[in-house]
Asks: 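Supplied in structure tokens, the structure appears directly below.
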Amino acid sequence: MKRKVTIEDIAKECNVSKSTVSRVLNNSPNVKESTRQKILEVIKKYDYSPNVFARGLIGKKIGAIGVIVSDITNPFHAVLVRGIGDICRTYGYSLFLCNTDGRVDEEIKHVKSLIQRNVDGIIFASIKLKDEGLNEAKRSGITVLLVGRLPESAEEFNYVIVDNELGGYMAVNYLLSLGHKKIAYISGPW
């Protein structure tokens, strides 16, 4: 089995330091153009790609977003995650999907795992949002976005929600404008 080429191998072949190769990989302007081209040729020759997890270990973000949902089989979550995945792909990000099955302990476990991976942000689309998981993410400094339902501490976070009261009002007005008089409302278990 062939050994995976490392940044050290690239540096050695180009007769430069690992930090010079790193600057080229990070598109830093502080590299002489001839040196940059030489390094890029060797990178292409070996089809080298940096280890994103290793980059995360040294404090750099890894180009990934974590999404935490309470039930991936919920059609709302499935469509939401599909849309998030499409946007991530457009901007060159990966997506880590975490399903909690509505369990707080799973939510906290996933938050800790995403923090350890140094993700660039966490999107909480869980209807069981608990302050423990949110506070863990907040303490880590990772960007947090809430989607759907909001916990008590929501004002501390960025969020995207639907105005359910306005939506209900608009739906009833529409039905009334069609002449309907008997209107029923059916809600889910939450």
Asks: Is it the case that atom CZ in R82 sees more than 12 heavy atoms from other parts of the structure closer than 6.0 Å?
Replies: no

Asks: Kindly give the heavy-atom pair with the smallest separation between L95 and C88, and that separation in Å.
Replies: CD1-SG, 4.2 Å

Asks: Which heavy atom of D120 sits nearest to which heavy atom of G63, and what is that distance?
Replies: OD2-N, 2.8 Å

Asks: When rounded to the nearest 0.5 angstrom, what distance separates CG in D163 from CD1 in I161?
Replies: 7.0 Å

Asks: If you compare all heavy atoms of C14 against all heavy atoms of V42, which two are closest, and at what distance to 0.1 Å?
Replies: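 For C14 versus V42, the nearest heavy atoms are SG-CG2, 3.5 Å.
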
Asks: Using a 4.5 Å cut-off on heavy atoms from C-beta on, say whether the side chain of D9 contacts that of Y46.
Replies: no

Asks: If the condition is salt bridge (charged side-chain N to carboxylate O under 4.0 Å, His left out), which residues does E165 pass it with, not counting sequence neighbours?
Replies: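 Expected list: none.
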
Asks: Any side-chain heavy-atom pair from F124 and V111 closer than 4.5 angstrom?
Replies: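 F124 reaches V111 side chain to side chain.
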
Asks: So I142 and I122, do their side chains get closer than 4.5 Å, heavy atoms only?
Replies: yes

Asks: Quick check for you: to the nearest 0.5 Å, what is the distance between I65 atom CD1 and L114 atom CG?
Replies: 10.0 Å

Asks: Quick check: is Y185 connected to M170 through a chain of hydrophobic side chains (ILVMFWY, heavy atoms under 4.5 Å apart)?
Replies: no

Asks: Distance check, rounded to the nearest 0.5 Å: I43 atom CD1 versus K45 atom NZ?
Replies: 12.5 Å

Asks: Could you grab the distance from atom CG of L175 to atom NZ of K182, nearest 0.5 Å is fine?
Replies: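 Those atoms lie 15.0 Å apart.
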
Asks: Working to the nearest 0.5 angstrom, can you tell me the gap between H77 NE2 and I84 CD1?
Replies: 9.5 Å

Asks: Measure the shortest side-chain to side-chain distance between F96 and H110 over non-hydrogen atoms and say whether it is less than 4.5 angstrom.
Replies: no

Asks: For the atom pair NZ (K38) and NZ (K32), what is the distance rounded to the nearest 0.5 Å?
Replies: 9.5 Å

Asks: Taking the basic N atoms (NZ, or NE/NH1/NH2) and the acidic carboxylate oxygens, is any pair closer than 4.0 Å for D86 and R89?
Replies: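 Salt bridge between D86 and R89, a charged N being under 4.0 Å from a carboxylate O: yes.
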
Asks: Do L176 and Y169 land in one hydrophobic cluster if side-chain heavy atoms of ILVMFWY residues count as linked below 4.5 Å?
Replies: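 Different hydrophobic clusters.
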
Asks: State whether D105 and K109 are salt-bridged, where the test is any N-O pair (Lys NZ or Arg NE/NH1/NH2 against Asp/Glu carboxylate O) under 4.0 Å.
Replies: no

Asks: Say whether V147 and Y91 are linked into one hydrophobic cluster, either directly or through other cluster members, by side-chain heavy-atom distances under 4.5 angstrom.
Replies: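 Hydrophobic grouping puts V147 with Y91.
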
Asks: Is a side-chain N or O of D71 found less than 3.5 angstrom from the main chain of D101, in a donor-acceptor match?
Replies: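 No.
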
Asks: Would you say the side chain of R23 lies within less than 4.5 Å of the side chain of R36, judging by non-hydrogen atoms?
Replies: no

Asks: More than 12 heavy atoms of other residues, nucleotides or ligands under 6.0 Å from CG of N173: yes or no?
Replies: yes

Asks: Is L97 close to V81 at the side-chain level, that is, under 4.5 Å between some pair of heavy atoms?
Replies: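 Of all side-chain heavy-atom pairs linking L97 with V81, at least one is under 4.5 Å.
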
Asks: For a quick check under 3.5 Å, do E33 and Q37 share a side-chain donor-acceptor pair by atom type?
Replies: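 Note: E33 and Q37 side chains meet the donor-acceptor criterion.
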
Asks: Which is it for L40 and V24 under the side chain to side chain contact (heavy atoms under 4.5 Å, CB included) test, yes or no, and what are the steps along the way?
Replies: CA-CA 8 Å; L40 289 173; V24 169; 3.7 Å; yes

Asks: With heavy-atom distances below 4.5 Å as the criterion, would you say the side chains of V160 and L146 are in contact?
Replies: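 When only atoms from C-beta onward are counted, L146 and V160 do not touch, as no gap falls below 4.5 Å.
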
Asks: Do I7 and S22 have side-chain heavy atoms sitting under 4.5 Å apart?
Replies: yes

Asks: Looking only at heavy atoms, what is the nearest atom pair of S70 and T100, with distance?
Replies: CA-OG1, 3.2 Å

